[in-house]
Structure formats: C-alpha cells, structure tokens
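To start, the structure itself, in structure tokens.
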Amino acid sequence: MKNIKLMYLLLASFMLLFSACDPIVKEENLSDTTNVEGVQLVATQSTPGGNEITLSMVTPGISGYWDYNLGLALTNEKKFIYPIPGKATFKYVGTLGSQFFSKTIDVQIDKLDHALDQDWYDLVSNNTAAGKTWVFDGTANDDKLWWFMSPPNNPDGAMGAWWNAGGTCCPPSDFAGKMKFDLNGAANYNHYETQTATPTKGSFVLDVANKKLIINNSKMLGSAAGNKDGVYQILELTQTRMVLYLNNSETYGTGWTFVFKPQ
C-alpha cells in the first residue's frame, strides 16, 4: 500500500514538473483599423489650379509614404511644387494593420504659378512645354572629352579620362543623335539615334535633391556604356552644359562620363 501511494506521489510530481515546463504562448494577431475605401487622401493646391500642392493622408492609424512622381516622401503629408501641367496622379502606399495597400488621388494642374527649381529650367528650358534638345559636346575622333571611361566610385575624378573612347577611336552608335526633354503634359523624353531617326519615346525623372537623372523606357545618348536602370548622377547642369556620371558602368566595370550641350 505504501508503495502504491509512493508511486502516485511520484506520478503527480512528474505531471507538475512537465506542466510547469510548457511555454505560455500569447497570441497577438494584427487587425486592420479600416479598409482601403476608408483611407482618406486629400490634395490641396495653394492657388486654384496651381502647381504648389500639399498631399495629406488624414485617416488615423494608417502609416505609409507618398509617391509624388518626383520622389518618395516617408510621411503622411508632403508639400511640393509640381513641374508638369495637366492631370497628375499621386499614390499613397501604406499598411492597414494586417495588409499593405496603395491608393491614388488625381490633381489637375492648370498653371505653373510657382517657380520651379532652376535645374528644371536648365534641363527643359524656360518654355517647359516646348522642351529642350541636347547633343554630345563633341564629335567622333575630335580628341575632346565628351564620352569616356573614368575612375569608378569617384565623382570628383570624373573628368579624368582613363580612355577617351568617343574622342579618339570608338564613339557610340548614336554619337550624332540627340535627346529631347519636355514637360508637355508629362515628363517626356525622346531618344534619337540620328538627327532624323524616329525617336524612342520614354519618360524621365529629375531628382533635384539627390542630383540624379533617371531615364525610363528609353535610353540615354551613349547608353552603350550606360546601366539598365537608367540612373545617372548629375555632376553639372546649367543652361549650356550637362555632365552625367556613372560610378560603375555595367558594360565596362569602370566609371563613365557623358558631356552634353544644347542643340
């Protein structure tokens, strides 16, 4: 009898021991604070039809960012001067709690009544709808520096040619072509292989803050040394000269420098 009682006591002890080792799991499930339809986006123009715009996401409990076509704003409110007349569509990307979403809002810009950053005028001219055409600042085998290999990852050394490809022996196929930028209803870009060729139409992004020029769905003049993402660093941009640079050309594995002038 004593042995049976002792056995029950041992079993009870083991049960208490193992139950004490079971982890305590507290389940927390993310839940949505609203649905996409409940997310309220507001666009305010400082003047009727003007190009100074404030975008706001005013629904509580939502976090995310604005894609305002000129860049990304990691905030629920962004004020900026937009350079393109016509209907513009801006996108807010965020989370409802358990899922991500995106939602857009349209704004009609009828007039550019707020001045743009000077870089815009330098790139597309003061007549932003008519636009501006750029060509290489040189021609084949002229010994000038306008399309050349340069030190990688060194913008300060970008004008130091490692190999003057365009000016000595091996210009790109479109060395006599041209490219045009305008803001006629959109950020329009056209690449011409020659002066009379049918253009390859695309778009562009001028990132003034980060000194970058991005070409989408087309190609830069001299893109034989360019990169697939179409992103170029702006070293110089004035009314009469534009110098672009790649830290690492995918084609050559070095830096590469492009020098342009208006046509």
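Worth saying up front: this structure is predicted, and the values here are computed from it rather than measured. When reading the values below, keep in mind they use all heavy atoms of this one structure, side chains included, and skip hydrogens, waters and symmetry mates.
In terms of hydrophobic clustering, with Ile, Leu, Val, Met, Phe, Trp and Tyr side chains grouped at heavy-atom distances under 4.5 Å, Y82 and V124 are assigned to a common cluster. Criterion: ILVMFWY side-chain heavy atoms under 4.5 Å apart, direct or through other members. Under it, M179 and I214 are not part of a common hydrophobic cluster. Both W146 and W162 are part of a single hydrophobic cluster, where members link through side-chain heavy atoms under 4.5 Å apart. Linking ILVMFWY residues whenever their side-chain heavy atoms come closer than 4.5 Å, directly or via other members, places V36 and M57 in the same cluster. Residues V39 and I105 are members of one and the same hydrophobic cluster, defined by side-chain heavy-atom contacts under 4.5 angstrom among Ile, Leu, Val, Met, Phe, Trp and Tyr.
Applying the salt bridge (Lys or Arg N to Asp or Glu O under 4.0 Å) test to every pair with at least one member in residues 153-166, sequence neighbours left out, gives no pairs at all.
If you take CG on N51 and CD1 on I84, they are separated by 10.5 Å, rounding to the nearest 0.5 Å. Rounding to the nearest 0.5 Å gives a distance of 11.0 Å between CG of L116 and CG of D122. Here the OH atom belonging to Y121 is positioned 11.0 Å from the CG atom belonging to N127, to the nearest 0.5 angstrom. A distance of 10.0 Å separates OG1 in T54 from NZ in K78, rounded to the nearest 0.5 Å. Atom CE of M149 is separated from atom OG1 of T254 by 4.0 Å, given to the nearest 0.5 angstrom. Rounding to the nearest 0.5 Å gives a distance of 9.0 Å between CG of N190 and OG1 of T133.
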Inset, instruction - Run the numbers on V107 and Q45 for side-chain contact (heavy atoms from CB on, under 4.5 Å), then give the verdict. - result: CA-CA 9 Å; V107 179; Q45 291 160 274; 3.6 Å; yes
Inset, instruction - Walk me through it: do T95 and F100 pass the test side-chain contact (heavy atoms from CB on, under 4.5 Å)? - result: CA-CA 4 Å; T95 175; F100 290 97; 4.0 Å; yes
Inset, instruction - Could you walk me through whether L96 and T34 pass side-chain contact (heavy atoms from CB on, under 4.5 Å), step by step? - result: CA-CA 6 Å; L96 299 171; T34 184; 4.1 Å; yes
Legend entry - Check against salt bridge (charged side-chain N to carboxylate O under 4.0 Å, His left out), E193 and K219: CA-CA 10 Å; E193 188 75 13; K219 58 183 180 179; 3.5 Å; yes
Legend entry - Chi angles and distances behind the salt bridge (charged side-chain N to carboxylate O under 4.0 Å, His left out) call for D182, K132: CA-CA 6 Å; D182 72 68; K132 187 173 181 177; over 6 Å; no
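Looking only at atom types and distance, the side chain of S150 has a donor-acceptor partner in the side chain of T257 under 3.5 Å away. For the residue pair S98 and D32, a side-chain donor N or O sits within less than 3.5 Å of a side-chain acceptor on the partner. No hydrogens or angles considered: nothing links the side chains of T47 and E52 as a donor-acceptor pair under 3.5 Å. Counting only N and O atoms by type, the side chains of D110 and Q108 include a donor and acceptor under 3.5 Å apart. For the residue pair Q195 / Q263, a side-chain donor-acceptor distance below 3.5 Å is found, with atom types taken as modelled. Checking N217 against Y189 by side-chain atom types alone, no donor-acceptor pair falls below 3.5 Å. E77 and S56 share a side-chain donor-acceptor pair at under 3.5 Å.
No side-chain donor-acceptor contact under 3.5 Å links S203 to the backbone of A187. For the pair T194 (side chain) and G177 (backbone), a donor-acceptor distance under 3.5 Å is absent. N210 places no side-chain N or O within 3.5 Å of a backbone atom of D207 that could act as its donor or acceptor partner. Between the side chain of N69 and the backbone N or O of T89 there is at least one donor-acceptor pair closer than 3.5 Å. At least one donor-acceptor pair closer than 3.5 Å links the side chain of N227 to the backbone N or O of N248.
Partner of F90 under the ring-ring contact (aromatic ring centres under 6.0 Å, His included) criterion, out of Y65, F80, Y68: F80 alone. For the ring-ring contact (aromatic ring centres under 6.0 Å, His included) with W256, the qualifying choice from Y245, Y232, W147 is W147, the only one to do so.
Around atom NZ of K111, more than 12 heavy atoms belonging to other residues, nucleotides or ligands sit under 6.0 Å away.
Between K201 and N188, every side-chain heavy-atom pair lies at or beyond the 4.5 Å cut-off. Considering only heavy atoms from C-beta on, L55 stays 4.5 Å or farther from T44 through its side chain. Here the side chains of S218 and F204 are not in contact, with every heavy-atom distance at 4.5 Å or above. Put simply, the side chain of L221 reaches to within 4.5 Å of the side chain of F136, judged on heavy atoms. Counting only heavy atoms from C-beta outward, the side chains of M159 and V243 approach each other to under 4.5 Å. Two residues are said to be in side-chain contact when any heavy atoms from C-beta on lie closer than 4.5 Å; W66 and L72 fail this criterion. Side chains of L213 and L244 form a contact here, defined as non-hydrogen atoms less than 4.5 Å apart. Residues W120 and N126 form no side-chain contact, since every pair of their non-hydrogen atoms from C-beta on lies 4.5 Å or further apart.
When every heavy atom of K180 is checked against every heavy atom of Y192, the shortest pair comes out as CB-CE1, 4.5 Å. Closest approach of E250 to K228, counting heavy atoms only: OE1-N, 3.0 Å. Contact detail for K103 and L41: the closest heavy-atom pair is O-CD1, 3.6 Å. The minimum heavy-atom distance linking P83 with L70 is given by the pair CD-CD1, 3.7 Å. Contact between R241 and W134 at its shortest, heavy atoms only, is C-CZ3, 3.8 Å. Residues G160 and P151 share a closest heavy-atom pair of O-CD, 3.2 Å.
Residues forming a salt bridge (charged side-chain N to carboxylate O under 4.0 Å, His left out) with D67 (at least two apart in sequence, or on another chain): none.
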